[in-house]
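Take a look at the structure set out below.
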There are 2 protein chains.
Amino acid sequence: MRTGRPRSFDRDKALEGAIAVFWEHGYDATSIALLTSALGIGAASLYAAFGDKRALFLESLDRYIRTYGAFTQRALAEEPNARDAVERLLREAAAAYTRPDRPRGCLLITAATNCSPQSADIAAHLRDLRAAGTRALEDKIAAAVRAGELPARTDAHALATFCSAVIQGMSA
Amino acid sequence: MRTGRPRSFDRDKALEGAIAVFWEHGYDATSIALLTSALGIGAASLYAAFGDKRALFLESLDRYIRTYGAFTQRALAEEPNARDAVERLLREAAAAYTRPDRPRGCLLITAATNCSPQSADIAAHLRDLRAAGTRALEDKIAAAVRAGELPARTDAHALATFCSAVIQGMSA
DNA sequence: TCACTTCTGTAACGATCGTTCGAGAAGTAC
DNA sequence: GTACTTCTCGAACGATCGTTACAGAAGTGA
C-alpha cells in the first residue's frame, strides 16, 4: 500500500481540466495561476503530480490525441475506401471543432501558434504531430491510388496537404 | 519648424520592423525587449513615438492591411468576375503566405490565436477584421449570383466561409 | 502511540513582463 | 551665448511568470 498523505484531488480529473485550459488558451497563454484556479489545487500539488508545465502539457496532449483527437485515426483505420475516409474525416472534424461544450478548434493546431521563442520546442513537437497526421492521410491516399480506387495521376502529397489545410482552416 | 531634439531613427522604418516582429511572433509573444532589440531603439523612444504596445500593434496592423494584405481587397475590386476573383485570391494568398523573405502566414490570422485573457480585445478586433473580409467576399459572390454568373442556388455565405477557411488553413 | 512518508498551503525565489521616471544630450528660437 | 523643447539612455517601478523551499497536515505501518 502506498504510504503518506493521500492526494486530495483526482489526478485524472485534473488532467482533463488541464486539457480544457490548454485547449482554450494555448500553451504560452496558459499560466500556472490559471491552471491552479481552474483545477482548484495549489501550485505545489500540481508540480508534485505532473512535474512542470511542459510535462503537464505533453501529458495533456497525449491524452487529447487518444480521446478528443482520436476520430482522425479512426476515420483512416475504419473506412476501407480512401474517399469515404476523407469525407468522414472532414465531417467529423467540422463536428468536433464546433461542439458548444468544448473549446473550439483543435488543440494540436492552435496550441502553439505564435508561441514565445523559449517554447519553440513545443511548437516543433506539435508541428511534427500534425505532419505525422498528414503523412498518414497521404499514405491512405497513395494506397488507394495503387489499388486503383483513385486516378493514377493523383498527387497524394498535394491532396493530403490540401485536406490538412482545410481542416486547419476549419479549426480557426 | 519643430523644436527640440530630433528623433534619431526613421519612424516609418521602425514601424515596418515592428510589423515584421509582430508578424513572426504574434501579439502576446512579442515583448517590448524583442521590439527594442530588433529595431535598435530604446524602450522610452518607442513609447514616445508610438504610445504603448497596444497602439503600436494597431498601427502596425493598419499599415499591414494597406500594404502586405491589400491583395485581398484588390482581387475583389479589380476582378469583375466573382470566380476569377476567388481564384486570384487563393493564388495570391498562397504566394503571399509562403514568401521566403517574409514571415509565413497572415498577420490578421495568426497574431492573436491563443492570446492571454488580458489581450482578448486585440483578438476580438482581429476577429472582426477577418469577418469583414469574409463578408466582402460573400457580397461579391452574392452579387455574382444575382447577376446570373453563378447558379441561383449558390449559398454565398457558406461558400465565402469555406474560402476563408481554406485561406486560413494555408496560413498555418 | 510513534516514526515515517507523502501531500498541501504559504511565501518566496529570480526572471521577465509592460511601463515610467529622471538626468543628460541635442536640437531650435531668441 | 541662454532659454526652451524634445529625445535618448539607464535604472527602476509593480505585476506576473514558472518554480521551489519550508512547515505543517494527513495518511500508513509498527
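Please read all numbers here as calculations on a predicted model, not as lab measurements.
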Review point. Ile32(B) CD1 to dA15(C) P: how many Å, rounded?
Key: 21 Å
Exercise for review: Measure from OH on Tyr27(B) to P on dC17(C) and round the result to the nearest Å.
Suggested key: 14 Å
Practice item. Using atom CZ of Arg11(B) as one end and atom P of dT6(D) as the other, report the distance to the nearest whole Å. Key: 16 Å
Revision key, fill the gap. To the nearest 0.5 Å, atom CE of Met170(B) lies from atom CD of Gln168(A) at 12.0 Å
Review point. Taking the side chain from Ser171(A) and the backbone from Ile109(A), do they hold a donor-acceptor pair closer than 3.5 Å?
Key: no
Exercise for review: Nearest whole angstrom, please: distance from the C1' of dT19(D) to the CZ of Phe57(A).
Suggested key: 19 Å
Exercise for review: Take atom CD of Gln118(A) and atom P of dC17(D), then tell me their distance rounded to the nearest Å.
Suggested key: 13 Å
Study note, to complete from the structure: Walking DNA chain D from its 5' end, the first of Gly51(A) and Gly42(B) to be reached, judged by nearest nucleotide, is Gly42(B)
Practice item. Please tell me which of the listed nucleotides, dT19(D), dC9(D), dG18(C), lies nearest to the side chain of Ser31(B)? Key: dG18(C)
Check your understanding: Is Ser8(B) near enough to dT8(D) that one of its side-chain N or O atoms lies under 4.0 angstrom from OP1 or OP2?
Key -> yes
**Study point:** Distance, nearest 0.5 Å, that separates OH of Tyr64(B) from CH2 of Trp23(B)
**Key:** 4.5 Å
Point to revise | Value in whole Å for how far the P atom of dG9(C) lies from CG of Leu39(A) | key: 13 Å
Check your understanding: How would you list, by chain and number, every residue that makes a side chain to side chain donor-acceptor pair (under 3.5 Å) with Asp62(A), sequence neighbours excluded?
Key -> Arg66(A)
Check your understanding: Run the side-chain contact (heavy atoms from CB on, under 4.5 Å) check on Cys163(B) and Leu89(B) step by step: do they pass?
Key -> CA-CA 9 Å; Cys163(B) 287; Leu89(B) 194 61; 5.8 Å; no
Check your understanding: When the distance from OH of Tyr47(A) to C1' of dT19(D) is rounded to whole Å, what number comes out?
Key -> 5 Å
**Study point:** Selection from dT19(C), dT8(C), dC17(C) that lies nearest to any side-chain heavy atom of Arg7(A)
**Key:** dT8(C)
**Study point:** Pairwise side-chain contact, Ile32(A) with Tyr47(A), heavy-atom cut-off 4.5 Å (strictly under)
**Key:** yes
Check your understanding: Quick one: bend of the helix from dT1(C)-dA30(D) to dC30(C)-dG1(D) from 5 pairs per end, to 10°?
Key -> 0°
Review point. Could you run down nucleotides 22-30 of chain D 5' to 3' and tag each one B, S or - for protein heavy-atom contact under 4.0 Å?
Key: --BBBBSS-
Exercise for review: Find the distance between CG (Asp28(B)) and OG (Ser116(B)) and round it off to the nearest 0.5 Å.
Suggested key: 3.5 Å
**Study point:** Any donor-acceptor N/O pair, Thr154(A) side chain to Leu150(A) backbone, under 3.5 Å
**Key:** no
Practice item. Specify whether Tyr97(A) and Phe71(A) have parallel, tilted or perpendicular ring planes, treating 30° as the upper limit for parallel and 60° as the lower limit for perpendicular. Key: perpendicular
Review point. Looking across every strand, which nucleic acid part, if any, lies under 4.0 Å from Ser116(B) by heavy atom: base, sugar-phosphate, or nothing?
Key: nothing
Exercise for review: Send over the distance from Asp28(B) CG to dA15(D) P, rounded to a whole Å.
Suggested key: 20 Å
